[in-house]
Every structure is written in C-alpha cells, then in structure tokens.
Amino acid sequence: MSKSVQSAKDAWGNDMPDWVLILAEKCDASSQVKVAKELKRSTALVNLVLNNKYTGDMQAVEDYIRGFFMNKTIACPSLGEIPANDCHDWRKKAQKFSNANILRVRMYRACTSCPVNQKDH
C-alpha cells in the first residue's frame, strides 16, 4: 500500500470517505504538492484532509475532489451540467455581488436562487 493511502486509512479508519481515498491515490500517483496545484489549493490543506485534521469547510474540499477527480457534475440553472468544483467556485463568488462582467452578474442571480446554494445555508 502506498504512503498517502496508508496514512489516510490510519487517520480515517473505516469511516474514510471514497473521495479521500481518491485524493490519497492521486497523491501517491504524483505528489501532494502536484495534486494541491491541480486543485488550486494548498499542500497543507491536502495533507490535513488526508490526515483527518482539516478543520475548514470539508464539504468544499469534497466538492473539489468529486468535481475535479471523480467527474461529479451539478445541474446549474444557468450553465447546464458543470463540474461540482466549478459550482462551488460560482457559489463562493455569488456571496458578494460584482458587476465585473455579464457572466458574474448572471451567475450571481442564478446562484443566489439555486437550490444547491440554499442547502449550504
């Protein structure tokens, strides 16, 4: 068994979610640094998740892993089927209105009334 997978299994035990296993396998296939860069997240975040010590928004991390590595999609009322990680990014941007471009305005309106976004609150 590879190092990251073993560390994750030791930290999570039988409760390890499937997406954490995928994250660990991706890290073993390359490195935590490379996986973190792919996800546009810090190496510390990846390490803390693998070791079940992350105290931040675990649902956001799960969205990223499922969207980026597991091809999970969300039915966006404005854009159609999009990766779960993209949905999370748009929901985060929609927390504050910006008229920087027409897409940001459109997505602000879509995200603020979207049922996926409503369950986050």
Side-chain angles (χ1 to χ4, degrees):
M1 190 174 304
S2 301
K3 183 181 176 189
S4 293
V5 170
Q6 186 60 54
S7 294
K9 284 187 178 192
D10 291 345
W12 286 87
N14 292 332
D15 295 331
M16 182 169 66
D18 60 338
W19 61 270
V20 174
L21 178 59
I22 295 294
L23 177 64
E25 290 171 347
K26 294 293 183 181
C27 290
D28 282 338
S30 60
S31 72
Q32 288 185 18
V33 172
K34 289 178 182 175
V35 169
K37 283 183 182 178
E38 282 184 82
L39 294 170
K40 297 179 183 159
R41 296 293 176 262
S42 71
T43 306
L45 178 141
V46 171
N47 186 272
L48 289 170
V49 168
L50 291 174
N51 289 296
N52 198 14
K53 293 183 180 183
Y54 184 65
T55 59
D57 185 354
M58 195 67 85
Q59 183 61 53
V61 178
E62 180 179 352
D63 287 346
Y64 268 86
I65 304 305
R66 289 193 183 282
F68 201 84
F69 293 128
M70 301 171 76
N71 300 317
K72 180 182 178 188
T73 60
I74 302 290
C76 175
S78 185
L79 299 175
E81 289 290 318
I82 62 173
N85 53 306
D86 288 350
C87 175
H88 178 80
D89 286 342
W90 280 115
R91 285 182 287 158
K92 187 135 178 99
K93 289 176 188 174
Q95 291 176 353
K96 183 178 178 186
F97 178 78
S98 171
N99 63 355
N101 63 52
I102 193 70
L103 183 58
R104 280 291 298 268
V105 173
R106 177 176 146 196
M107 292 308 293
Y108 174 82
R109 290 180 181 144
C111 289
T112 54
S113 63
C114 178
V116 173
N117 199 27
Q118 301 309 312
K119 69 179 180 185
D120 285 349
H121 301 292

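Side-chain contact between Phe69 and Val35 is present, with heavy atoms from C-beta onward closer than 4.5 Å.
Closest approach of Leu50 to Val20, counting heavy atoms only: CD2-O, 4.1 Å. When all heavy atoms are compared, the tightest approach of Thr112 to Ala94 is CG2-O, 4.0 Å. Residues Phe68 and Glu38 come closest through the heavy atom pair CZ-O, 3.3 Å. Considering all non-hydrogen atoms of both residues, Asn101 and Leu103 come closest at OD1-N, 3.0 Å. Across Ser7 and Asn51, no two heavy atoms sit closer than the pair CB-OD1, 4.1 Å. Across all non-hydrogen atoms, the minimal contact from Ile74 to Ala84 is CG1-CA, 3.8 Å.
With rounding to the nearest 0.5 Å, the separation of CE in Met16 from CG in Leu21 is 4.5 Å. Atom CD in Glu62 sits 5.5 Å away from atom CH2 in Trp19 (nearest 0.5 Å). Atom SG of Cys111 and atom CG of Leu79 lie 8.0 Å apart (nearest 0.5 Å). One finds the NZ atom of Lys72 at 8.5 Å from the SG atom of Cys87 (value rounded to the nearest 0.5 Å).
Under the 3.5 Å distance criterion, the side-chain polar atoms of Arg106 are matched with a main-chain donor or acceptor of Ser78. Side chain of Ser113 to main chain of Arg109: a donor-acceptor pair is present (N/O by atom type, distance under 3.5 Å, no hydrogens or angles). Using modelled atom types, no side-chain atom of Asp86 and backbone atom of Ile82 make a donor-acceptor pair closer than 3.5 Å.
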Exercise. side-chain contact (heavy atoms from CB on, under 4.5 Å) between Trp90 and Arg104: does it pass, once the steps are laid out?
Worked result: CA-CA 9 Å; Trp90 280 115; Arg104 280 291 298 268; 3.7 Å; yes
For this session: In sequence, state the C-alpha distance, the side-chain angles, and the governing distance for Lys3 and Cys27, and then conclude on side-chain contact (heavy atoms from CB on, under 4.5 Å).
Result: CA-CA 9 Å; Lys3 183 181 176 189; Cys27 290; over 6 Å; no
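Salt bridge present: Asp63 and Arg91 bring a charged side-chain N and a carboxylate O closer than 4.0 Å.
Residue Leu39 forms a side-chain contact (heavy atoms from CB on, under 4.5 Å) with just one option from Asn85, Val61, Leu23, Leu45, and that option is Leu23. Ser4 pairs with exactly one of Lys9, Gln32, Lys26 by the side-chain contact (heavy atoms from CB on, under 4.5 Å) rule, that one being Gln32.
Met107 and Phe97 end up in different hydrophobic clusters when Ile, Leu, Val, Met, Phe, Trp and Tyr side chains are linked at under 4.5 Å. A continuous path of Ile, Leu, Val, Met, Phe, Trp and Tyr side chains, each step under 4.5 Å between heavy atoms, connects Met70 with Val49, placing both in one hydrophobic cluster.
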